[in-house]
Amino acid sequence: MIKTDILLVTSVHPPFDTRVYHKIFCSLKNNNLKVKILLPNRLDLASKNTDFISFKGSNSFLHRVCNFVKILRICLKIKPAIIIFFDPDLLPIMILLKVITKTKVIYDNHEDYPSYLMVKKSIPIWIRRLVKVSYKFFFKISESVFDFIFYADPFTSGFDPAKQKQAIIYNYPIVSKYPQKEKKYDLIFPGSVDLDVCQRLMKIAEEFDKKYSHKIKFLIIGRDVSSENKHLIQSITLKLQNVELIFMEDMPFKSVQEYIAESKIGLLPLPNIEKFRKNIPTKLFEYMLHSIPMLASDLPPISCFLEKTDGNFVITENDYQNSYIEKISEILDHYPEYRKKCNLNFQILEQQWNWDRTEKQKLVKIINKMLM
């Protein structure tokens, strides 16, 4: 039988997810704690890498309930002292496990699930509403039965600083210095282009192309891009004269960092909707890792960080595309000056918004106390 003190459980995250593996798992393991990760459909990986435990599960959404039963059985067999789980669909079985065992359970609530769910247009609205109500019901129970709830930021629904069994474990980056690289791209946006983000990026490209004669390269690295958005990008690309759109897809984290290092300005033009008012986008930290100027939407989870930096700008929703292109032109015309300002921002990131400096110690302290 596998022995472990701490079991990390996920139903949908990839094995080397940045938060689950590189931050939480590695932080615990490097502090001499016995920790494993349980996830479905990674039998080959689990046979080679003893950090992982896996089983053959179903990939079908309707049959994933079978995965939940298998996860519950494995947890009951291993009997870890602490379980940390990361997915809201696991709430019911983790509540059950907590009721019938002495295992301590932690929910890593690192995204505002209700607001995320309500913008998933691929799911019928009545199903979204039903799932949202169900989630709130189980989450309310979890607040009273779980031993701890982690939040990635203070904006997520449910966070209450007055409650002792809650803590913010910020999704700060693991800070390391990247080498300076020749700038091949003027603008970059890496990440999901759904939820109207693609349309906003295209409007910025079109407006810049109309009003400025600058020849610029605009790199978009999309994640899980729909066929509709691919078609939109292709059609806009053919119309542009001065803006060269370069589109890439589904790239690993390290490769994305290489492209950010080769870019002059990072864009974060998120729409002003509830989802983006509830979570801190990690891209703003990635841009700071490479000391490049940033233009981002004026949303609370963004502006609360950028107001403490220099050389970056928050853009209000009113006439956003013109505001973006004006600032892009200004930064490109005075780039050495803005780059110098942003080099100082890296020091802020290194000293304050740094996983190893603050969040790692916070996490390990909570876990060690629970193991006593």
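- Atom-to-atom distance recorded for L268:CG and M294:CE is 7.5 Å, nearest 0.5 angstrom.
- I260 and M248 fall within a single hydrophobic cluster, where Ile, Leu, Val, Met, Phe, Trp and Tyr side chains are chained together by heavy-atom contacts under 4.5 Å.
- Here the CD1-OG1 distance, from I174 to T18, works out to 8.0 Å after rounding to the nearest 0.5 Å.
- Under 3.5 Å, the side chains of T282 and N171 contain no donor-acceptor pair of N or O atoms.
- Rounding to the nearest 0.5 Å places CG of L332 at 6.5 Å from CG of L187.
- The pair D108-R19 meets the salt-bridge criterion, since a charged nitrogen lies less than 4.0 angstrom from a carboxylate oxygen.
- Between the side chains of K211 and N322, at least one donor-acceptor pair of N or O atoms lies under 3.5 Å.
- Taking the ring centre of Y335 as origin, the terminal cationic atom of K264 falls inside the region bounded by 6.0 Å and 45° from the ring axis.
- One finds the CG atom of L363 at 6.0 Å from the OG atom of S27 (value rounded to the nearest 0.5 Å).
- Between the side chains of S157 and D112, at least one donor N or O lies within less than 3.5 Å of an accepting N or O.
- Residues I83 and C75 form a side-chain contact, since some pair of their non-hydrogen atoms from C-beta on lies under 4.5 Å apart.
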* Asked: Hey, mind stepping through T316 and D298 against side chain to side chain donor-acceptor pair (under 3.5 Å) and telling me if it holds?
  -> CA-CA 5 Å; T316 58; D298 188 9; over 6 Å; no
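- Residues F150 and F148 place their aromatic rings such that the two centres sit under 6.0 Å apart.
- No side-chain N or O of Y324 forms a donor-acceptor pair with one of E207 less than 3.5 Å apart.
- A salt bridge links E249 with K230: at least one charged nitrogen is closer than 4.0 Å to a carboxylate oxygen.
- A salt bridge is absent between R357 and E350; no separation between the charged side-chain nitrogens and carboxylate oxygens falls under 4.0 Å.
- In summary, D153 and K278 do not engage in a salt bridge, as defined by a charged side-chain N under 4.0 Å from a carboxylate O.
- Counting only heavy atoms from C-beta outward, the side chains of I220 and M202 approach each other to under 4.5 Å.
- A tilted orientation is assigned to the rings of F16 and H22, their planes being inclined by 30° to 60°.
- A donor-acceptor pair shorter than 3.5 Å cannot be found between the side chains of S47 and D44.
- Seen from the ring of Y320, R200 counts as a face-on cation partner, given the 6.0 Å and 45° thresholds.
- H290 and Y178 have tilted rings, their planes meeting at an angle from 30° to 60° on a 0 to 90° scale.
- In this structure, K70 forms no cation-pi arrangement with F55, as its terminal cationic atom is not both closer than 6.0 Å to the ring centre and no more than 45° off the ring axis.
- Aromatic ring centres of F305 and W353: separated by under 6.0 Å.
- Within a 6.0 Å radius of CD in E307, more than 12 heavy atoms belonging to other residues, nucleotides or ligands are found.
- A tilted orientation is assigned to the rings of Y113 and Y116, their planes being inclined by 30° to 60°.
- If you take CG on L33 and CG on N368, they are separated by 5.5 Å, rounding to the nearest 0.5 Å.
- Checked against a 6.0 Å centroid threshold, the rings of F285 and Y172 count as neighbours.
- A donor and an acceptor atom, one from each side chain of T10 and D87, are located under 3.5 Å apart.
- Atom NZ of K362 has more than 12 heavy atoms from other residues, nucleotides or ligands within 6.0 Å.
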* Asked: Should K23 and D17 be marked as a salt bridge (Lys or Arg N to Asp or Glu O under 4.0 Å) after you check the CA-CA gap, both sets of side-chain angles, and the distance that decides it?
  -> CA-CA 9 Å; K23 294 178 183 176; D17 176 83; over 6 Å; no
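- Aromatic rings from Y21 and H13 are positioned such that their centres are separated by 6.0 Å or more.
- At least one test fails for K132 against the ring of Y135: distance under 6.0 Å to the centre or angle within 45° of the axis.
- Applying the ring pair (Phe, Tyr, Trp, His ring centres under 6.0 Å) test between Y151 and each of Y107, Y170, F159 identifies F159 as the sole match.
- Residues E143 and K165 are not paired through a salt bridge, judged by the lack of any N-O separation under 4.0 Å between the basic side chain and the carboxylate.
- Looking at D194 and S192, their side chains do bring a donor and an acceptor atom within 3.5 Å of each other.
- By the 4.0 Å N-to-carboxylate-O rule, E330 lies close enough to K327 to be salt-bridged with it.
- Here the side chain of S235 pairs a donor or acceptor atom with the backbone of L232 at under 3.5 angstrom.
- Rounded to the nearest 0.5 Å, atoms CG (L45) and CD1 (I53) are 11.5 Å apart.
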